[in-house]
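Below: one structure, written as structure tokens.
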Amino acid sequence: MKITIPTSLGELSREDLASLEVQLQEAVTTAVVRGEELTSDDRENAASLTAVTAELDRRESIEGLTETITSAVVDRVAAHLAATTVVEDDDDVEDDEDVEADEVVAEDTDEPAAVSAGELAAHDPVVEVDAPARQRVTRLVTSTATRSSGEELASSVDLAEVYHEVARTMQDGDTRLIARLDTTEDVTLGDDPAENSEMISELISRGQNEGAEALVASGGWMTPSEISYAFFEPETMAGLLDTPTVGVNRGGLRHITNGGPQIGDAITTGAAAFWVWDETTDITPASTVKTRYKIPAPTWTDVRLAAYGVALDHGNLAARSFPELTARWMRLAPVAHEHEINRIRIAAIATASTALDFSTGYAGGDAATVLLDVAEQQATKLREKYRMGFNTVVDAVFPDWVLGAIRATMSRRSGFNGIGVASDDVIRSWFFERNIRPQFVYDWQALPSASKTWESATAGKVDFLIYPSGTWVTGKGGSLDLGLHRDSTLNETNDHTALWTEQFLSLMRFGPESRKVTVNVQLDGETYDFVTSA
């Protein structure tokens, strides 16, 4: 609320000015503590406070200066008069006698000669008079049983006694303004609440340094918390499935289904192509003929690209006032998008793979034993089925936490000291030695938040994918990134598109077979007794 002050402050008495100053100080302090943007009334009150305070300072300075100068002038005039010699009229003074310019000749009278301002200036230096500073006064704001509002407190001891008296009557959650310190400083408040609060705090601290220690009562920090605009950004592109990539330029790719004929096709359906003509048959061929097999046409699979995109809308005002949030989402969304695509791709591979359940009817052991054993067995079967080289590498895909489950199993084995025996690199090397390239991925069979053990992660079971390397291939048709996009519809709501991306992808199976294997996850940490010769 705006406090109206007279146009001419000179018409007010000193008491009226002091009362008006207290009202303005209270209004300005309330505006600062509010912590909001200052209104026009708040700024006018601050300007009025400056004017009223300046008028009070001027009057006190004039009063003190007038009193000091008057006293100094009287003392100097008296001293000058006492030192001045009265010169009587002398007819014997010769006409050619020199008379000094500053000599004063008095008429023949009993009255003392008059003293000019020039004489005073010539005999006495000008004395600089300091205007007296205004006295700081602590006034009680809250009435108590023994004191009245507006009463001056003589010392910090008196103020402390008032605090104790008021505190006894307060309830939990109450807030009281106890006292106010009048100050000589002129405070001009601006539009920055933090800067206004800093100026008020400085005035309060000055008052405390001069003996008003109890002005600020305990009751919290009393100031708004600072704001941190930093974001926690732990996400990465780790844990994404790695597959070969081919470029697709015309919206899709037609490829031979399952990689075309394999050795099994030649052995079974193509058996007619194989014959044996020995000597006996050659002597008596009868009806025996050399069989033939005609190569059939392969089948084709047409895989079209699909668009995988991100679209983020943002408010124009929010983007302008909080650019850090906009930048955070611009960094976060692409990472989240890649993980979403990762989830879709892995799920598609799992669905298209042949399911094999080893969780029952398999004499296993702990997690390390079972996972390594079954993975090597399946890799061996794939090499054998397709007559691959003995050392041909196959890919195996596991959830990311399988590394930890294997390490936990090893830690329960006798003699494991936990140093380098089951590091990530060591565990991977166990697969490499079996000619298996392991991938540990996110976004598939994630650990439930309520899971307390590895065994309960997926009901004591885990799936992994295994296939000859190169079986699954990603087709890429390029990307279209629109960093910023605006349209009339969003403009109507004062919004804009902050991020728009499209990726054109496809997933193709170039290989003959992919398997999804289910095994148990047990952390028994079995240790076996080795038999030694007697």
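Because the structure is a prediction, the values reported are computed rather than measured.
- Heavy-atom neighbours of Arg331 CZ from other residues, nucleotides or ligands within 6.0 Å: above the threshold of 12.
- For Asn342 (side chain) and Leu241 (main-chain N/O), a donor-acceptor pair under 3.5 Å exists by modelled atom type.
- The CZ atom of Arg509 lies 9.0 Å from the OG1 atom of Thr257; values are rounded to the nearest 0.5 Å.
- For the atom pair NZ of Lys381 and CD1 of Ile466, the computed distance is 11.0 Å after rounding to the nearest 0.5 Å.
- Applying the ring pair (Phe, Tyr, Trp, His ring centres under 6.0 Å) test to every pair with at least one member in residues 227-260, sequence neighbours left out, gives these pairs: Tyr229-Phe322, His255-Phe510.
- Using a 4.5 Å cut-off on side-chain heavy atoms (C-beta onward), Thr380 and Glu376 make contact.
- In terms of the side chain to side chain contact (heavy atoms under 4.5 Å, CB included) criterion, Asn249 has no residue partners (sequence neighbours excluded).
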Show the numbers, then the answer: is there a side chain to side chain contact (heavy atoms under 4.5 Å, CB included) between Val462 and Leu371? CA-CA 9 Å; Val462 66; Leu371 286 167; 4.1 Å; yes
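- Using a 30° and 60° split on the angle between ring planes, Tyr442 and His339 fall in the tilted class, from 30° to 60°.
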Determine whether Glu338 and Gln503 satisfy the following criterion, side chain to side chain contact (heavy atoms under 4.5 Å, CB included), listing intermediate values before the conclusion. CA-CA 10 Å; Glu338 289 299 325; Gln503 296 183 66; 2.9 Å; yes
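- Side chain of Gln439 to main chain of Asp242: a donor-acceptor pair is present (N/O by atom type, distance under 3.5 Å, no hydrogens or angles).
- Looking at Arg383, its side chain does come within 3.5 Å of a backbone N or O of Thr392 through a donor-acceptor pair.
- Contact annotation: the side chain of Phe358 approaches that of Val517 to within less than 4.5 Å [non-hydrogen atoms, C-beta and beyond].
- At distances below 3.5 Å, at least one donor-acceptor pair connects side-chain atoms of Thr291 with backbone N or O atoms of Ala272.
- Judged by distance alone, with hydrogens and angles left aside, the side-chain atoms of Asn45 form a donor-acceptor pair with the main-chain N or O of Ile3 at under 3.5 Å.
- With contacts defined as side-chain heavy-atom distances shorter than 4.5 Å, the pair Gln378/Leu382 does not qualify.
- With a 4.5 Å cut-off on side-chain heavy atoms, Val402 and Phe464 do not count as touching.
- In this structure, Met330 CE and Leu325 CG are separated by 12.0 Å, a value rounded to the nearest 0.5 Å.
- Side-chain contact between Val248 and Phe504: absent, with no pair of heavy atoms (C-beta onward) separated by less than 4.5 Å.
- Donor-acceptor pairing under 3.5 Å is lacking for the side chains of Asn520 and Ser359.
- Distance check: Thr299 OG1 to Asn258 CG gives 7.0 Å after rounding to the nearest 0.5 Å.
- Of the possible polar contacts, none joining the Trp472 side chain to the Ile346 backbone as a donor-acceptor pair under 3.5 Å is found.
- Here the NE2-CG distance, from His337 to Leu312, works out to 10.5 Å after rounding to the nearest 0.5 Å.
- Here the shortest heavy-atom pairing between Ser423 and Arg407 reads C-NH1, 3.6 Å.
- The local environment of CZ in Phe390 is sparse, with at most 12 non-hydrogen atoms from other residues, nucleotides or ligands closer than 6.0 Å.
- Using modelled atom types, one finds a donor on one side chain and an acceptor on the other under 3.5 Å when comparing Thr369 with Asp366.
- Panel note: side chain Glu513, backbone Gly511; no donor-acceptor pair is recorded below 3.5 Å.
- The distance from atom CD of Gln445 to atom CG of Asp400, rounded to the nearest 0.5 Å, is 10.0 Å.
- No side-chain heavy atom of Thr471 sits less than 4.5 Å from a side-chain heavy atom of Asp395.
- Contact between Ser469 and Val393 at its shortest, heavy atoms only, is OG-O, 3.2 Å.
- Taking a 6.0 Å sphere around CH2 of Trp329, one finds it holds 12 or fewer heavy atoms contributed by other residues, nucleotides or ligands.
- Minimum heavy-atom separation, Ile344 to Tyr308: CD1-CE2, 4.1 Å.
- Closest approach of Asp265 and Gly260 over heavy atoms only: OD2-O, 4.3 Å.
- For the pair Tyr467/Val394, no side-chain contact is recorded, criterion being any heavy-atom separation below 4.5 Å from C-beta on.
- Counting all heavy atoms, side chain and backbone alike, Pro334 lies closest to Met237 at O-CE, 4.1 Å.
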Apply side chain to side chain contact (heavy atoms under 4.5 Å, CB included) to residues Leu253 and Ser506 and explain how you reach the verdict. CA-CA 9 Å; Leu253 184 67; Ser506 63; 5.8 Å; no
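- Residue pairs meeting the salt bridge (charged side-chain N to carboxylate O under 4.0 Å, His left out) criterion with at least one partner in residues 343-359, sequence neighbours excluded, are Glu340-Arg343.
- Put simply, the side chain of Leu465 reaches to within 4.5 Å of the side chain of Trp444, judged on heavy atoms.
- When all heavy atoms of Ala396 and Ile436 are compared, the pair lying nearest together is CB-CG2, 3.6 Å.
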